[in-house]
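For this chain, numbers begin at 1 and follow the sequence in order.
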Amino acid sequence: LSPIKTVTTGDNASPQIEIMQEIEKPLKVHAHEEIQVQLSISDPDGHAISQNVVPGSAALSLSSTSEPSIWNLKFVGRDAEAGSYTARITATDEFGASTLLEFPYTILPNHAPVSLKKIDNVLFTKTGESLILKANEYFRDEDGERIKYSVKANTANIAHVYQEGENIVITALGYGATTITLSATDTLGERVSVAVAVIVRKTEKGPEVTVKDN
């Protein structure tokens, strides 16, 4: 008879889930943002792992990467209502050992841009004159979104308004008066509008006087 050998198997270690970057807790996501957080999901024993996520809201999804143990949590703020949520990510090995990671996050509400101060009425004394306004002195977005400016005039061919970098430029085209409505819109379509009167008129000249010596 062969000798009796006794073998004791070790405990089955549970999978490990680790967040691979420093983040605030709970994670705060603006309504206009898309944020990715990388997770490491591995098994100390080298067993096959299955992953499952209960996202908490439609803003969150879990996807694999080119590296087998690295996964991406993606948060898309516009895909869910503002509020506080908790995602639950579970990793389970082929023998049933599992690990749960609870991941709290908050979708912040979107705020429309606001007008900081009134834009004074504009007076030009000739065509071709321009006025440059620094946009950040007149408009602000609380969420830090980039603002897009648009303009509508109630009379054509008197003034032209356009965005040049972070400036708003008003240029006199022809003589007359018009009212322009300047709108500041964030990336989610929220906006604020202000009206500005623009007058372009010729400078009146006084009568010419000629002095003759007697």
Side-chain angles (χ1 to χ4, degrees), residues 11-117 134-150 163 165-166 182-194:
D11 294 334
N12 180 30
S14 297
Q16 296 177 345
I17 306 176
E18 297 180 359
I19 300 171
M20 298 184 65
Q21 60 206 75
E22 290 189 9
I23 60 171
E24 58 181 341
K25 296 182 180 180
L27 179 68
K28 293 181 175 62
V29 184
H30 285 96
H32 67 279
E33 284 184 313
E34 294 186 9
I35 295 177
Q36 291 197 65
V37 176
Q38 285 198 329
L39 301 179
S40 171
I41 303 177
S42 60
D43 189 89
D45 302 322
H47 297 153
I49 307 173
S50 62
Q51 297 81 18
N52 180 63
V53 59
V54 179
S57 81
L60 184 146
S61 60
L62 178 68
S63 61
S64 60
T65 69
S66 57
E67 296 186 37
S69 62
I70 305 300
W71 294 73
N72 277 335
L73 280 178
K74 184 177 181 180
F75 301 83
V76 182
R78 66 175 65 87
D79 288 347
E81 297 291 330
S84 295
Y85 305 94
T86 299
R88 292 174 173 84
I89 300 100
T90 304
T92 305
D93 72 12
E94 57 189 308
F95 298 104
S98 64
T99 298
L100 170 66
L101 172 68
E102 293 191 332
F103 196 113
Y105 63 98
T106 300
I107 305 295
L108 300 174
N110 185 56
H111 300 88
V114 295
S115 172
L116 299 177
K117 62 181 179 179
K134 293 187 179 297
N136 61 6
E137 294 181 1
Y138 295 90
F139 298 98
R140 182 176 69 87
D141 187 88
E142 181 178 334
D143 305 316
E145 297 173 70
R146 183 172 179 81
I147 297 176
K148 182 179 179 180
Y149 299 95
S150 59
Q163 182 179 356
E166 297 302 318
L182 183 63
S183 298
T185 307
D186 69 13
T187 55
L188 294 181
E190 296 289 339
R191 71 174 58 190
V192 62
S193 299
V194 295

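- Between Asp141 and Val114 the shortest side-chain heavy-atom distance does not fall below 4.5 Å.
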In sequence, state the C-alpha distance, the side-chain angles, and the governing distance for His30 and Arg78, and then conclude on side-chain contact (heavy atoms from CB on, under 4.5 Å).
CA-CA 8 Å; His30 285 96; Arg78 66 175 65 87; over 6 Å; no
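- With rounding to the nearest 0.5 Å, the separation of CD in Gln16 from CG in Leu39 is 13.5 Å.
- Looking at Glu145 and Ile147, their side chains never come closer than 4.5 Å, going by heavy atoms from C-beta outward.
- When ring centroids are compared, Phe75 and Tyr85 stay outside the 6.0 Å threshold.
- Taken from CD in Glu166 to OH in Tyr149, the straight-line distance is 6.5 Å, to the nearest 0.5 Å.
- Atom OG in Ser14 sits 8.0 Å away from atom CG in Asp43 (nearest 0.5 Å).
- Leu60 is listed as a side-chain neighbour of Val53, based on a closest heavy-atom distance under 4.5 Å.
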Run His111 and Asp143 through side-chain hydrogen bond (donor to acceptor under 3.5 Å, both in side chains) and show every step you take.
CA-CA 7 Å; His111 300 88; Asp143 305 316; 2.9 Å; yes
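- Defined by atom type and a distance below 3.5 Å, a donor-acceptor pair is present between the side-chain atoms of His47 and Asn12.
- When side chains are defined from C-beta on, Pro113 counts as touching Glu190, because their heavy atoms get closer than 4.5 Å.
- Judged by distance alone, the side chains of Glu18 and Ser40 never bring a donor and an acceptor atom under 3.5 Å apart.
- Between Val37 and Asn72, every side-chain heavy-atom pair lies at or beyond the 4.5 Å cut-off.
- The structure places CE of Met20 at 5.5 Å from CD of Gln38, a figure rounded to the nearest 0.5 Å.
- Side-chain contact between Trp71 and Ile17: absent, with no pair of heavy atoms (C-beta onward) separated by less than 4.5 Å.
- Under the 4.5 Å side-chain criterion, counting only non-hydrogen atoms from C-beta, Gln21 is not in contact with Gln36.
- Between the side chain of Asp11 and the backbone N or O of Ala13 there is no donor-acceptor pair closer than 3.5 Å.
- For Glu81, the CD atom counts as loosely surrounded, since its 6.0 Å shell holds 12 or fewer non-hydrogen atoms of other residues, nucleotides or ligands.
- Taking the side chain as every heavy atom from C-beta outward, Gln51 and Ile41 approach each other to under 4.5 Å.
- Expressed to the nearest 0.5 Å, how far CG of Leu116 lies from CZ of Phe139 amounts to 8.5 Å.
- With respect to Lys28 and Glu33, no salt bridge is recorded, no charged nitrogen being found less than 4.0 Å from a carboxylate O.
- Thr65 places a side-chain N or O within 3.5 Å of a backbone atom of Glu67 that can act as its donor or acceptor partner.
- For Ser193 and Ser183, the side-chain atoms include at least one donor-acceptor pair closer than 3.5 Å.
- Donor-acceptor pairing under 3.5 Å is lacking for the side chains of Tyr105 and Thr86.
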List the steps and the verdict of side-chain contact (heavy atoms from CB on, under 4.5 Å) for Ile19 and Leu101.
CA-CA 10 Å; Ile19 300 171; Leu101 172 68; 4.3 Å; yes
